[in-house]
Amino acid sequence: LIGAVFTRVSAVIFLTPGIGEQAIPLRARLAAAIAVAIVLTPMILSPDMKPPATTAGVVSLFAAEFMCGVLVGFALRLMVFILQIAGAIIAQSSSLSQLFGPTVGFDSESPFAALLVMAGVAMAAAAGLHIHLVGAMADVYQLLPFGSFPGAQETGEWSSTRVGAALFKSLALASPFVILGFLYSLAL
């Protein structure tokens with residue numbers, strides 16, 4: 001059962017902004033996941049809980065916990081996606097999209113996207129996202145109970161509305177640059 005808690009926690013930790021960035025060494029992320037799992041395990045598991053008796057039950061438990069962890073981690077990762085998309089739009093509108101700046105992730109991104117992502121991650125760390133993460137993960141077990149799969153329909157509706165909202169927020173964040181780029185081109 002402790003392994004199932006670690007499965008959900010590690011999926012969240014590896015997608016969380018700040019802790020889950022590619023610049024953070026894998027061992028540090030693994031240590032953070034182990035530490036959070038150690039803290040959360042007594043809060044989630046009761047002594048009378050029994051592990052599944054069959055191999056299929058164990059696989060189902062781990063799959064459910066992994067899917068819940070990926071869902072929560074994706075929700076947190078959307079903040080970084082918003083900044084990356086806004087940076088790409090800003091770079092395209094200011095004709096600086098071909099410059100390669102420092103990268104935070106795998107792909108080379110524009111200097112605007114790299115700057116926005118680094119600033120956003122720094123602000124999240126300064127605001128204590130990594131500290132509030134443990135309390136939030138304990139609360140998530142109320143919404144997504146231990147060992148249960150998230151509903152497919154609810155997950156699909158939630159993710160499609162969240163991705164749409166993320167695209168809208170990234171466009172809203174980049175809109176002043178798009179407007180100024182349009183006015184500059186119009187003035188030329």
Side-chain angles (χ1 to χ4, degrees), residues 7-24 29 32-33 36 40 63-97 101-146 148-183:
T7 302
R8 182 186 290 203
V9 168
S10 63
V12 173
I13 291 290
F14 278 70
L15 290 171
T16 300
I19 300 170
E21 298 301 326
Q22 295 297 320
I24 305 295
R29 289 185 275 167
V36 172
L40 280 180
E65 288 300 299
F66 178 74
M67 289 303 297
C68 290
V70 167
L71 187 65
V72 173
F74 176 72
L76 293 170
R77 197 74 189 163
L78 273 175
M79 295 183 289
V80 173
F81 293 151
I82 289 170
L83 297 174
Q84 286 176 331
I85 293 169
I89 293 170
I90 291 169
Q92 288 289 334
S93 67
S94 63
S95 300
L96 294 175
S97 61
T103 59
V104 177
F106 284 118
D107 301 326
S108 50
E109 49 195 13
S110 70
F112 288 110
L115 180 67
L116 285 174
V117 169
M118 283 190 228
V121 168
M123 287 178 62
L129 175 69
H130 56 288
I131 295 168
H132 298 295
L133 183 65
V134 177
M137 286 182 64
D139 292 341
V140 164
Y141 276 96
Q142 302 298 324
L143 297 172
L144 301 168
F146 181 76
S148 65
F149 275 96
Q153 181 178 358
E154 295 86 7
T155 302
E157 289 174 4
W158 176 86
S159 59
S160 63
T161 57
R162 291 297 93 204
V163 168
L167 288 173
F168 178 76
K169 288 174 186 171
S170 61
L171 269 171
L173 187 62
S175 64
F177 294 93
V178 172
I179 293 168
L180 287 175
F182 176 73
L183 291 176

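The structure presented is a predicted model; accordingly, all values stated were derived computationally and were not measured. Quick note: numbers below take in every heavy atom, side chains included, and nothing from hydrogens, waters or symmetry partners. Along the sequence shown, the residues carry numbers beginning at 1.
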Quiz prompt | Non-hydrogen atoms of Pro17 and Arg77 that approach each other most closely | solution = CA-NH1, 3.8 Å

Quiz item: Hey, is OH on Tyr141 packed in by over 12 heavy atoms from elsewhere, all under 6.0 Å?
Solution: yes

Quiz item: So do the side chains of Val163 and Phe74 get within less than 4.5 Å of each other, counting heavy atoms only?
Solution: yes

Quiz item: Which pair of non-hydrogen atoms, one from Cys68 and one from Ser148, has the smallest distance, and what is that distance?
Solution: SG-O, 3.5 Å

Exercise. For Ala122, check side-chain contact (heavy atoms from CB on, under 4.5 Å) against everything at least two apart and list the hits.
Key: none

Quiz item: Measuring from Met137:CE to Leu40:CG, what's the distance to the nearest 0.5 Å?
Solution: 5.5 Å

Quiz prompt | Nearest-0.5 Å distance that lies between atom OG1 in Thr16 and atom CZ in Arg29 | solution = 11.0 Å

Practice problem: Using a cut-off of 6.0 Å, state whether more than 12 heavy atoms not belonging to Phe149 lie near its atom CZ. | Solution: yes

Practice problem: Could you tell me the separation between the CG atom of Leu83 and the CE atom of Met118, rounded to the nearest 0.5 Å? | Solution: 12.0 Å

Practice problem: State which residues pass side-chain hydrogen bond (donor to acceptor under 3.5 Å, both in side chains) with Gln142; sequence neighbours excluded, sorted by chain then number. | Solution: none

List, one per line, each side-chain donor-acceptor pair under 3.5 Å for residues 8-15, sequence neighbours excluded.
residue : atom : partner : partner atom : Å
Arg8    : NE   : Glu65   : OE1          : 2.9
Arg8    : NH1  : Leu144  : O            : 3.1
Arg8    : NH2  : Glu65   : OE2          : 3.2
Arg8    : NH2  : Leu144  : O            : 3.0
Arg8    : NH2  : Pro145  : O            : 3.4
Ser10   : OG   : Phe6    : O            : 3.0
Ser10   : OG   : Thr7    : O            : 3.0

Give every donor-acceptor pair under 3.5 Å between a side-chain atom in residues 166-180 and any protein atom, sequence neighbours left out.
residue : atom : partner : partner atom : Å
Ser170  : OG   : Ala166  : O            : 3.3
Ser170  : OG   : Leu167  : O            : 2.8
Ser175  : OG   : Ala172  : O            : 2.9

